[in-house]
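We count ligands from 1, going down the list as the structure has it; atoms in each ligand are counted the same way. Worth knowing before you read on, the calculation uses all heavy atoms, side chains too, and leaves out hydrogens, waters and symmetry mates.
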Amino acid sequence: PFLASLITHPTFIDGNCWTTFIDDTPQLFDLVGSQNRAQKLLAYLGDVAVNGSSIKGQIGEPKFKGEFILPDLFNADGSKIDTSQPSTKGWRQILLEQGPKGFAKAVRQYKGCLLMDTTWRDAHQSLLATRVRTVDLLGIAKETSHALSNLYSLECWGGATFDVAYRFLYEDPWDRLRKMRKAVPNIPFQMLLRGANGVAYASLPDNAIEHFVEQAKKNGVDIFRVFDALNDINQLEVGIKAVQKAGGVAEGTVCISGDMLNPKKKYNLEYYLELVDKLVALDIDVLGLKDMAGVLKPHAATLLVGSIRKKYPDLPIHVHTHDSAGTGVASMVACAKAGADAVDAATDSLSGMTSQPSINAILASLEGSDLDPGLNPAHVRALDTYWSQLRLLYSPFEAHLAGPDPEVYEHEIPGGQLTNMMFQASQLGLGSQWTETKKAYEHANDLLGDIVKVTPTSKVVGDLAQFMVSNKLSSQDVIDRAGELDFPGSVLEFLEGMMGQPYGGFPEPLRSRALRNRRKFDKRPGLYLDPVDFRKVRAELNQKWGHATECDIASHLMYPKVFEDYKKFIQKFGDLSVLPTRYFLSAPQIGEEFHVELEKGKVLILKLLAVGPLSENTGQREVFYEMNGEVRQVTVDDNK
Ligand code: 3PY
Ligand code: ZN
């Protein structure tokens, strides 16, 4: 049937094929695959029925077992808003009409303080180990496009979501981006770009970053928050230039580290203002201030934003924070009052602690003032009813934070990393060492010269802290024995200069002792890398996987092994992004019926009938499912 549909396809008959034909007509290739898709899905479901889910980091089963109840939205006159189609009104329309500079100007002229909603990226990265799946984002997408149509942006891509989608959720992040874009055409999409590292943990050749950003822009990203983990302007420049070339909004970003008002800290107001000057010289559209640990207290926020506003009256300022110590709302309100144009918030059910401050708390705090963000609190609350159900669905990934942690002002661990490290400590049974680990993090940071801590440098400090705890090393021990200690790889890479140059230089004598005969880089790492030969990579991937898209190439360059593992996984189990999360994470009850829409109009009605006994000879079990009325059977290795 594949060949028949191919040779009768109009493009083929025209003799006009093979340039974009394969990209434009994936359904032909699907035809071959679709016969197999149901069987592959059964292989996954059978495996979960026998062995349970193998999703990394999952503990237990979802607490929410029902179908999501979707919210209704109402107009002021009480009539119901039709959410069957997305809204077409929003800041993205201004961006499309006026381009990045016009958009920046309009944002600056807007009287209120706009909001970015981080729920689709940083909020679940910080609270639920980045595990929220595409299907559940799409589940509330059209309602979001109506309820939050006046958002500055919706943060929904980049950061850890790219890697985690492939690695742990077996999903294609590009496919997610395209689907979200279709469902939310009116709100600007924002991504987090780690400067010269793209969405990876180390520098890539400059042309790989350019190529990646070009694909991100083409597939739906509008605003790029570009940061560097050491605030190294040479590293920032690579990302900013790539965004400008692709036609995106360049939000050049300063990472905030520590308490700016503490006279002992090297990152003070003067330091930040100098960095802002350098970013402005790169012609950024918007200035981002990124407080990844939530250490920017309200008074410091007023001083910082106020000083930048005074020096640059026309520059839009967008501030990001985490609510780790519980001061997020106060700090964001202080920023708004001091002249910020946009601040970050998350839906209530996924806000607070290591996530962003609550959107409704910020709305309530600004309500009635000139700074009102222009969102309807009733709509925002209605949307949150969805997220409160979702949080229970993803309960297996909770880090169980107990409350705000003012100690963050001492250890300065970024929000996402704090949850992660806590989770790891409890999984390793090291819960009792948690207090010690936080203290060691502070000491490790001092040893490394008080560096800016955010991916990937936050991992360097975290790895050194864990190394110190597990080897019972004091700071003095580390310095004295640096010449003989077997440091974690990330620490050596940092000391080599593979992550850029830290402000104030590298710590000595630690660096020279620890590196021994290893190389020392004193320029940005990308200058030491050969440019990617795209023709060669394209040919290699085409040969390996049949057909590689530009997005596949970008993924391969970012994460070669993760991308390969993902491709192998879907060869075996198919595209699981269509499977409802409850059945992705846990087996159904015997006799429970559920539906999976493989593609539009192609629905499978499934029922688990029985899991057979263990065969002593093969170590396998038969699993019986009813699929659209027919009994189907799969043989599964019992790995328990
Ligand atoms: C990331 O790089 O993923 C971050 O969220 C940094 O804050
Ligand atoms: Zn963040």
Do Ser126 and Thr419 meet the criterion of a side-chain donor-acceptor pair at a distance under 3.5 Å?
-> no

Classify the side-chain pair Tyr166/Thr161 by whether it contains a donor and acceptor separated by less than 3.5 Å.
-> no

Evaluate the ring planes of Tyr503 and Tyr271, with Trp represented by its six-membered ring, and classify them as parallel (under 30°), tilted (30 to 60°) or perpendicular (over 60°).
-> tilted

For Leu375, the option from Asp117, Asn360, Ile359 that meets side chain to side chain contact (heavy atoms under 4.5 Å, CB included) | Ile359

Quickly, which of Thr253, Asn197, Leu193 forms a side chain to side chain contact (heavy atoms under 4.5 Å, CB included) with Phe227? Name it, please.
-> Thr253

Give every pair made of an N or O atom of ligand 1 and a protein N or O atom lying under 3.5 Å apart, one pair per line with both atom names and the distance to 0.1 Å, or write 'none'.
unit_1	atom_1	unit_2	atom_2	d
ligand 1	2 (O)	Arg194	NE	2.8
ligand 1	2 (O)	Arg194	NH2	3.4
ligand 1	2 (O)	Thr455	OG1	3.3
ligand 1	3 (O)	Gln125	NE2	2.9
ligand 1	3 (O)	Ala160	N	3.4
ligand 1	3 (O)	Arg194	NH2	2.8
ligand 1	5 (O)	Arg121	NH1	2.9
ligand 1	5 (O)	Gln125	NE2	3.1
ligand 1	7 (O)	Lys290	NZ	2.6

Check: Gly449 main-chain N/O paired with Lys266 side-chain donor or acceptor under 3.5 Å = yes

Per residue Asp122, nearest N, O or S atom to the Zn ion (ligand 2) is named OD2

